[in-house]
Amino acid sequence: MAGYEDKSFKWIGTRPVRPDGVDKVTGRANYGADMKLPGQLTGRILRSPHAHAKILSIDTSKAEKLPGVKAVITGKDFPEMHNGVLPGDEGVNFHYLSCNIMARNKVLYDGHAVAAVAAASAAIAEEALALIEVKYEVLPHVIDVDLALKPGAPLLHDDIFTTGVTPKPEKPSNTVQRIQMQLGDPDAAFKDADVVVERSFKTKAVHQGYIEPHAVVAEWSEDGQCRIWCSSQGHFMVRTLTARLLQMEVAQVRVIPAEIGGGFGGKTIIFIEPTAVLLARKAKRPVRIVMSRDEVFRGTGPAPGTSIDVKIGAKKDGMLVAATGEFRYQAGAFPGSPVGAACMAAFGPYALSHVRVVGYEAVTNRPLCYSYRAPGAPLSSFAVESVMDEIAQKLNLDPMDLRIKNGSKEGTQMVYGPKLKAVGNLECLKAIQNHPINKIPLGPNQGRGLAAGFWFNLGGQSSAVVNIAEDGTANIMTGSPDIGGSRASMALMAAEVLGIDYSKVRPIVGDTSAVGFCEITHGSRVTFATGMAIIQAAEDVVLQCRQRVAKMWEVDVEAVKWEDGHARPAGANAGDQKPLSLAQIAAKAARTGGPLVGSAAINAGGPGPAFGVHICDVEVDPETGHVTVLRYVAAQDAGKAIHPSYVEGQIQGGVAQGVGWALNEEYIYGEDGRLQNSGFLDYRIPVASDLPMIDAIILEVPNPGHPFGVRGVGEVPIVPPLGAIANAVARATGARMTDLPLTPPKIRAAIDAKK
Amino acid sequence: MSGFQYESPGSVDEAVRLLAGAKGNARVLAGGTDLLVQLRSGAANPDMLVDIKRISELRQISGNAASGFVIGAAVSGAEIGEHKELAKAWPGLVEGMELIGSTQIQGRATPGGNLCNASPAGDCTPGLVAAGAIAVIAGPNGRREIPAEQVPVSPGKTSLAKGEFVVAFKLPPRAKNSGDAYLRMIPRTEMDIAIVGAGVNLTLDASGVCVAARVSLGAVAPTVLLVDAAARALIGSKLDDAALAKLEAAASAAAKPISDKRGTIEYRTKVAGVLARRAAVIARDRARSNA
Ligand SMILES: Cc1cc2nc3c(=O)[nH]c(=O)nc-3n(C[C@H](O)[C@H](O)[C@H](O)COP(=O)(O)OP(=O)(O)OC[C@H]3O[C@@H](n4cnc5c(N)ncnc54)[C@H](O)[C@@H]3O)c2cc1C
């Protein structure tokens with residue numbers, strides 16, 4: 001695997017059009033809602049209007065009698081699951097998962113599913129929902145994480161006993177866990193600091209905001225098989241979880257992936273698939289469920305809101321001496337907040353000898369909190385980067401110098417255990433330091449903000465197949481849903497290894513019965529891990545080609561080398577043979593041993609963490625509090641950019657989402673515990689005109705864990721924007737705000753309070 | 001959403017007959033950019049929709065600046081924006097209409113729909129009110145005319161009786177040295193709903209003294225407000241800093257907003273003054289160059 005740094009590539013690093021692009025821009029591509037089967041019914045879900053209530057009764061009899069209604073189900077139709085996590089459960093509590101998909105005795109949030117119908121038309125299904133009578137006993141609710149953590153808060157579950165505390169609590173509470181990690185002795189080390197800044201922060205829950213609502217079509221056969229068409233970040237995940245929840249054998253469930261219209265982590269878990277299968281089984285007809293936008297906001301897996309304290313101490317020269325952070329993260333109605341990752345990533349960009357991170361997770365009467373790009377890290381990073389900026393201001397230091405002085409690098413001990421291998425943190429910092437943006441003078445009410453970010457990245461299990469056709473073209477297949485251009489990257493890597501044109505490689509995402517297991521598309525893992533499987537599958541083809549040519553030439557396989565898409569004699573001893581192209585070898589495949597099929601199934605280690613450094617300029621209208629982002633530059637270490645345009649796309653997309661998170665996005669609840677902004681009018685993601693051109697700078701510090709040096713790029717770009725924007729606003733206004741989002745009313749109030 | 005009857009009459013009289021004679025709840029359909037959203041969300045459940053887009057009188061802009069324009073209630077935002085003479089005489093009214101939605105929405109959204117949807121946050125309404133537009137209303141008893149600000153009475157409710165609808169808006173003849181402007185505050189840059197809106201329409205005399213003014217505020221009360229005190233702050237002044245400060249204070253004093261998910265009372269009150277002042281400056285500069 002060594003030596004890739006100085007390899008020259010023919011395809012890798014180029015920017016061809018994506019293989020799925022034409023179908024997408026012409027409208028041919030099929031997304032989750034596009035599947036239509038004969039006899040298909042419309043499924044609809046009835047959802048709780050209450051934040052917290054006991055279900056006293058559900059009467060579906062009137063709905064069942066409505067002509068056109070073919071099936072009605074409630075929690076009673078779902079098998080009861082073991083409450084806990086057993087070996088082999090991969091950390092999933094199937095009882096909670098099942099109860100989230102369909103409520104049992106209690107509803108735990110506004111939007112919690114309580115019943116579902118399948119009917120001949122959408123209008124009949126809607127009418128049927130209105131005929132279902134649910135009697136509730138409304139209970140007190142808790143929405144805010146700090147309130148949920150307090151003793152005496154309304155209790156969501158009677159089976160949650162805080163883990164990570166001694167003695168083990170005897171009474172249940174909303175506090176799921178306490179975690180702590182520490183290096184050195186921060187409490188003692190703070191005494192050596194010349195300046196200490198300690199601040200508390202609050203952030204609101206946000207949604208990933210993918211354009212495509214969740215959609216599924218399920219079909220049940222009398223022989224006990226089922227087929228599911230849906231868009232997700234992992235159809236193998238959909239298969240496993242659906243099979244487990246419905247007590248089926250995994251191989252009886254076939255999941256066929258659709259194109260996916262955005263996921264960002266929000267489609268790494270299931271919400272509606274088992275419901276569709278149960279309806280289809282009961283109705284004996286295929287059933288399609290498509291969520292409305294309102295359902296997406298109320299009934300999927302947004303990212304949590306938080307409450308955070310961060311304290312950092314430094315010497316006069318800017319050397320950091322100690323840091324601590326306490327991170328209190330909401331879970332939704334069931335455990336699952338990313339507080340662990342948040343703690344581990346918080347101080348990632350800095351080398352610290354004395355640091356402690358403590359995390360708390362509390363269930364609240366909200367939809368399940370789930371993954372959103374670099375889960376948990378943007379929030380802990382926002383707090384840390386805000387305090388770093390204040391340290392720089394207090395010490396009158398350049399915020400960049402402060403970060404470079406303390407930047408983590410190869411060999412830095414991380415609070416969560418390992419030491420860093422080769423990483424690009426300092427390279428990113430220096431790229432931003434040398435960027436021309438720093439020379440642009442700022443006008444009145446303008447400010448410049450800087451922030452650094454870190455993310456682990458994942459490897460994991462992936463499978464791939466490379467099928468060579470008789471004319472030497474290649475069909476390649478993986479089981480990793482393509483959420484960011486990964487098919488293009490797979491094709492580029494296969495073309496590179498095979499030595500054929502990119503245009504001769506057609507990549508697809510295969511269904512669960514067609515290709516080997518692949519973990520979900522998350523953790524920025526696909527180009528790294530599934531890409532590694534593709535490389536190995538292509539290398540498998542190359543080896544087979546060399547073996548067959550060796551037979552034809554009657555030499556050892558070592559005497560045949562693969563170069564530029566051709567088998568060639570490795571040296572003089574191999575004889576004076578004419579090179580044979582892949583097409584020529586493929587044409588003879590029938591006579592040399594049959595089809596050329598390469599495959600690989602791996603568990604990829606060594607993903608290599610990612611770093612990103614962002615700088616931005618904002619202008620604040622002091623009278624209205626409106627923020628205009630004037631300029632934005634993001635530098636990121638990609639290890640090796642297989643397709644640079646799609647790396648830039650990931651960076652720009654992460655920044656766009658981060659800017660929304662910083663300025664306007666938030667889940668707004670009323671006193672009644674109901675969500676008030678379950679639509680894109682009042683849940684404000686940025687529109688195109690809200691953003692400047694985002695200048696993406698790709699750096700390549702090769703990841704030693706990958707044959708081409710790749711590291712994941714999809715998540716770290718959403719880590720720094722919250723801090724970068726907040727720091728820019730603080731410098732533009734002279735008022736440091738610690739509550740996200742920085743809405744115009746909050747900014748105007750902060751400016752007025754300063755006067 | 002259950003079934004409803006759909007009609008698209010070709011004349012005002014036929015539309016009145018349909019609306020007046022309908023059993024149950026009949027609604028006028030113009031561009032549908034508010035109404036269709038309400039149908040889908042279940043907020044509106046009409047028994048009949050009367051589409052007014054096929055009535056030619058409602059789809060025309062007639063008259064001119066000197067005699068006074070007449071804008072059909074169902075003219076689209078795009079058509080209003082493309083009308084050069086109208087945009088020259090009433091840039092503030094036109095820019096309010098053009099702020100609505102996106103290119104797609106502009107092809108359908110109408111001033112009549114914006115006013116009759118009776119949202120206090122509608123972006124065209126403050127411009128109509130500041131302009132002194134008169135709504136021409138057709139109904140079972142013939143036609144009547146009322147100032148535009150008297151059409152909405154509370155959020156989602158109008159003063160129109162059963163069978164009545166707005167046919168057109170009459171603008172007053174445009175005096176020399178006049179200008180208008182509309183500004184709104186939204187957290188984003190487009191595709192958003194006003195947290196505060198302010199419209200200012202004024203006329204200067206030859207020496208630059210303000211001789212007539214109307215100031216309207218959106219999203220700070222149950223209906224769009226016409227603020228006389230704010231207008232009085234301008235009239236008789238050259239719109240110097242002192243007059244503008246008085247205007248700002250008067251606008252803030254007139255604002256009676258609520259706190260909700262979109263903004264606080266405190267914020268809306270302050271920003272009402274800010275936007276009124278800024279709109280007045282734009283209107284003044286337009287008036288000066290409109291000799
Ligand atoms: C994506 C999107 C963005 C939007 N952005 C904005 C924005 O930025 N600013 C803004 O102000 N609005 C916005 N809107 C709302 C809407 O587009 C405007 O209010 C528009 O002016 C409504 O006009 P319409 O012709 O579509 O009304 P309709 O939906 O056809 O009608 C609205 C209401 O008025 C009634 N009505 C219509 N015409 C008449 C009439 N002549 N007489 C009597 N009653 C009548 C209808 O019965 C209905 O109750 C937006 C809407 C969408 C969907």
Side-chain angles (χ1 to χ4, degrees), chain A residues 121-127 129-130 204 292-295 619 621-629 656 659-660 662-671 674-692 741-753 755, chain B residues 1-4 33-34 37-43 45 99-105 119 121 183-198 219-220 244-245 248 251-252 257-279 281:
Chain A
S121 73
I124 297 172
E126 290 292 342
E127 219 182 316
L129 289 190
K204 295 284 174 47
S292 65
R293 183 60 59 184
D294 172 76
E295 288 183 283
E619 181 168 327
D621 181 331
E623 291 187 316
T624 65
H626 189 273
V627 176
T628 305
V629 184
V659 168
L663 292 178
N664 281 310
E665 293 182 40
E666 59 176 314
Y667 264 53
I668 302 171
Y669 281 92
E671 290 291 311
R674 288 183 184 153
L675 184 60
Q676 295 190 338
N677 59 337
S678 57
F680 281 136
L681 177 56
D682 284 303
Y683 183 90
R684 293 187 173 79
I685 63 173
V687 294
S689 54
D690 291 342
L691 297 163
L742 303 175
T743 60
K746 277 194 212 160
I747 291 177
R748 168 84 208 234
I751 291 170
D752 289 349
K755 279 177 194 158
Chain B
M1 174 173 52
S2 47
F4 52 79
T33 57
D34 279 314
V37 178
Q38 292 159 13
L39 286 180
R40 289 193 63 143
S41 73
N45 263 310
L99 277 176
I100 294 174
S102 56
T103 304
Q104 293 91 327
I105 297 294
S119 158
L183 290 175
R184 67 172 180 179
M185 171 57 211
I186 54 171
R188 290 189 290 207
T189 46
E190 58 182 352
M191 297 303 288
D192 215 333
I193 183 162
I195 300 180
V196 180
V220 292
L244 291 170
E248 178 169 355
S252 286
I258 53 168
S259 282
D260 66 5
K261 61 191 171 188
R262 292 173 187 149
T264 57
I265 291 175
E266 207 191 0
Y267 178 78
R268 285 180 153 135
T269 304
K270 285 177 187 164
V271 173
V274 171
L275 293 192
R277 165 168 47 78
R278 290 180 181 181
V281 170

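Just so you know, these numbers use all the heavy atoms, side chains as well, and skip hydrogens, waters and symmetry mates. Just so it is clear, the structure is predicted and the values come from calculations on it, not from any experiment. Order of the sequence lines fixes the chain letters, A, B, ..., with proteins taken first and strands second; residue numbering starts at 1 for each chain.
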Would you mind reporting whether K270(B) and D752(A) have side-chain heavy atoms less than 4.5 Å apart?
yes
Student check: side-chain heavy atoms of D621(A) and M185(B) closer than 4.5 Å
no
Of all heavy-atom pairs between D192(B) and L681(A), which one has the smallest distance, and what is that distance?
OD1-O, 4.0 Å
Might you point out which heavy atoms bring P745(A) and G263(B) nearest each other, and give the distance in Å?
CG-CA, 4.2 Å
Top contributor to chain B contacts, counting heavy-atom pairs under 4.5 Å, from H626(A), E666(A), Q676(A):
H626(A)
Check whether [X] gets within reach of chain B through its side chain, its backbone, both or neither, counting any heavy atom under 4.5 Å.
X: R684(A); answer: both
X: D690(A); answer: both
X: T624(A); answer: both

As an exercise, state the distance from CG of N677(A) to CG of D260(B), rounded to the nearest 0.5 Å.
11.0 Å
Atom pair CZ (R262(B)) and OG1 (T743(A)), whose distance is rounded to the nearest 0.5 Å:
14.0 Å
Go through the atoms of R278(B) and report whether side chain, backbone, both or neither lie under 4.5 Å from a heavy atom of chain A.
side chain
Heavy-atom cut-off 4.5 Å, strictly under: side chain, backbone, both or neither for I195(B) against chain A?
neither
Expected output: side-chain K261(B) to main-chain I668(A) donor-acceptor under 3.5 Å:
no
Top of R188(B), E190(B), E266(B), M191(B) for chain A proximity - count of heavy-atom pairs under 4.5 angstrom:
R188(B)
